[in-house]
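Written out below as structure tokens is the structure these notes cover.
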Amino acid sequence: MIIREAKISDEAQVRRIHLQAFDSSENELVAGLACDLLHEPTIPETIHLVAKLDHLPVGHVAFSPVWSNNKHQLLGYILAPLAVIPGQHKKGIGSALVHHGIDMLKQRGIGSLIVYGDPNYYGRFGFQEDLAAPYLPPYELEYPNGWQALIFDSDMVPTSAEKIKCVQALEQPELW
Ligand SMILES: CC(C)(COP(=O)(O)OP(=O)(O)OC[C@H]1O[C@@H](n2cnc3c(N)ncnc32)[C@H](O)[C@@H]1OP(=O)(O)O)[C@@H](O)C(=O)NCCC(=O)NCCS
């Protein structure tokens, strides 16, 4: 398996991965998010990774920056979305994508990584609900216990809870 950064030219493959991986109730929404993120320039940059197996793209993940609500301070990154095509599950591809992104964020001096997803999956990487308490989500959450964080540098964690601001692609209430 090879993991590399995704380019705009990977858009069709990235869309296909999410359309296949997610349930029909949400796959269009998530695939649209993945493609919107690919097109949205951000500072600092959004990280997109694709996993390839036998030259075929089989997994994708994105990590985008989050700021304090007034956008004056970078608070960390958020992981969304993550998907691996159904025929390739349980081979460590999802984990490899997440670990690869975590390593890149640490190398860039990022203080924390938030995720909104299944704690039964993300717990294996050390994400915890209590670590996300200093970061208030931008919208009311359908599944509040899915709001978790991983802290790389505790000195960079806000001392009081801050509502976060996400990139434009994530500013859609139906995603939360
Ligand atoms: C979640 C997903 C990315 C995992 O990809 P993967 O390549 O199979 O992941 P890995 O091989 O690294 O890990 C697989 C393990 O995670 C477990 N797992 C997968 N989804 C899980 C979930 N929602 N809850 C608990 N465990 C989960 C698998 O059972 C497997 O367990 P095992 O190691 O004991 O066999 C993939 O199942 C997927 O694309 N699902 C649909 C989209 C999705 O739900 N994305 C995440 C949004 S929160």
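Computed from a predicted structure; not experimentally measured.
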Is it true that E28 and H18 share a donor-acceptor pair across their side chains at a distance under 3.5 Å? no
Do S64 and L170 have side chains that approach each other closer than 4.5 Å (heavy atoms only, starting at C-beta)? yes
Could you measure the distance from the CD1 atom of I151 to the CZ atom of F127? Nearest 0.5 Å is fine. 10.0 Å
Interatomic spacing from CD1 in I78 to CG in L37 - rounded to 0.5 Å: 10.0 Å
Derivation and outcome, side-chain contact (heavy atoms from CB on, under 4.5 Å), residues I3 and K52: CA-CA 6 Å; I3 294 183; K52 283 185 146 189; over 6 Å; no
How far does CH2 of W147 sit from CH2 of W176, to the nearest 0.5 angstrom? 4.5 Å
Compare every heavy atom of P137 with every heavy atom of I164, then report the nearest pair and how far apart it is. CG1-CA, 4.4 Å
Could you tell me whether a side-chain N or O of N27 sits under 3.5 Å from a main-chain N or O of L19, the two making a donor and an acceptor? yes
Which pair of heavy atoms, one from A6 and one from V50, lies closest together, and at what distance? CB-CG1, 3.9 Å
If you apply the rule side-chain contact (heavy atoms from CB on, under 4.5 Å), what do you find for L79 with I114, and how did you get there? CA-CA 6 Å; L79 184 172; I114 300 167; over 6 Å; no
Where the side chain of R16 meets the backbone of I85, is there a donor-acceptor pair that is under 3.5 Å apart? no
If only atom types and distance count, is the side chain of H89 paired as donor or acceptor with the main-chain N or O of V84 below 3.5 Å? yes
Hey, does the side chain of Y116 reach the backbone of Y143 with a donor-acceptor pair shorter than 3.5 angstrom? yes
Residues C166 and P138: closest non-hydrogen pair is SG-CG, 4.1 Å
Please check: side-chain N/O of E40 versus main-chain N/O of A169, any donor-acceptor pairing under 3.5 Å? yes
Stepwise salt bridge (Lys or Arg N to Asp or Glu O under 4.0 Å) test for D10 and R15: CA-CA 9 Å; D10 294 311; R15 179 182 294 279; over 6 Å; no
If we ignore angles and hydrogens, is there a donor and acceptor under 3.5 Å between the side chains of Y139 and E171? yes
Separation between CD1 (I102) and CZ (F63), nearest 0.5 Å, reads 6.5 Å
The test is side-chain contact (heavy atoms from CB on, under 4.5 Å); show your working for H39 and E11 and say whether it passes. CA-CA 9 Å; H39 284 278; E11 180 176 359; 2.7 Å; yes
Flag yes if Y121 and L49 sit in one hydrophobic cluster, no otherwise; membership is Ile, Leu, Val, Met, Phe, Trp, Tyr, and two members link when side-chain heavy atoms are under 4.5 Å apart. yes
Please say yes or no: joined through hydrophobic side-chain contacts below 4.5 Å, possibly via intermediate residues, are M156 and V66 part of one cluster? no
Can you confirm whether more than 12 heavy atoms, excluding those of L136, are under 6.0 Å from its CG atom? yes
Closest non-hydrogen atom pair, A34 against P81: CB-CG, 3.9 Å
State the CD1-CG distance between I47 and L105, to the nearest 0.5 angstrom. 4.5 Å
Under the side-chain contact (heavy atoms from CB on, under 4.5 Å) rule, what do K7 and H48 come out as? Steps first, then yes or no, please. CA-CA 8 Å; K7 304 180 285 268; H48 297 272; over 6 Å; no
Among the clusters formed by ILVMFWY side chains lying less than 4.5 Å apart, do L82 and M1 turn up in the same one? yes
Looking at L56, is its backbone amide N or carbonyl O close enough to the side chain of D54 to form a donor-acceptor pair, meaning the two atoms are under 3.5 Å apart? no
Hey, are the side chains of P86 and Q20 touching, using non-hydrogen atoms and a 4.5 Å cut-off? yes
Minimum-distance pair of heavy atoms, taken over all atoms of V58 and I17: C-CD1, 3.9 Å
side-chain hydrogen bond (donor to acceptor under 3.5 Å, both in side chains) evaluation trace for Q13 with H60: CA-CA 9 Å; Q13 302 286 12; H60 170 259; over 6 Å; no
Taking the side chain from Q148 and the backbone from G146, do they hold a donor-acceptor pair closer than 3.5 Å? yes
Between Y135 and S112: side-chain donor-acceptor atoms closer than 3.5 Å: yes
Using the rule that Ile, Leu, Val, Met, Phe, Trp and Tyr join whenever any side-chain heavy atoms are under 4.5 Å apart, tell me whether V167 and I110 fall into a single cluster. yes
CD1 on I2 to CG on L53, rounded to 0.5 Å: 9.5 Å
Check this for me: E174, atom CD, are more than 12 non-hydrogen atoms of other residues, nucleotides or ligands nearer than 6.0 Å? yes
Grab the two heavy atoms, one from Q172 and one from D36, that are nearest each other, plus how far apart they are. NE2-OD2, 4.3 Å
Check for me, please, whether I93 and F125 land in the same ILVMFWY cluster - side-chain distances under 4.5 Å, paths through other members count. yes
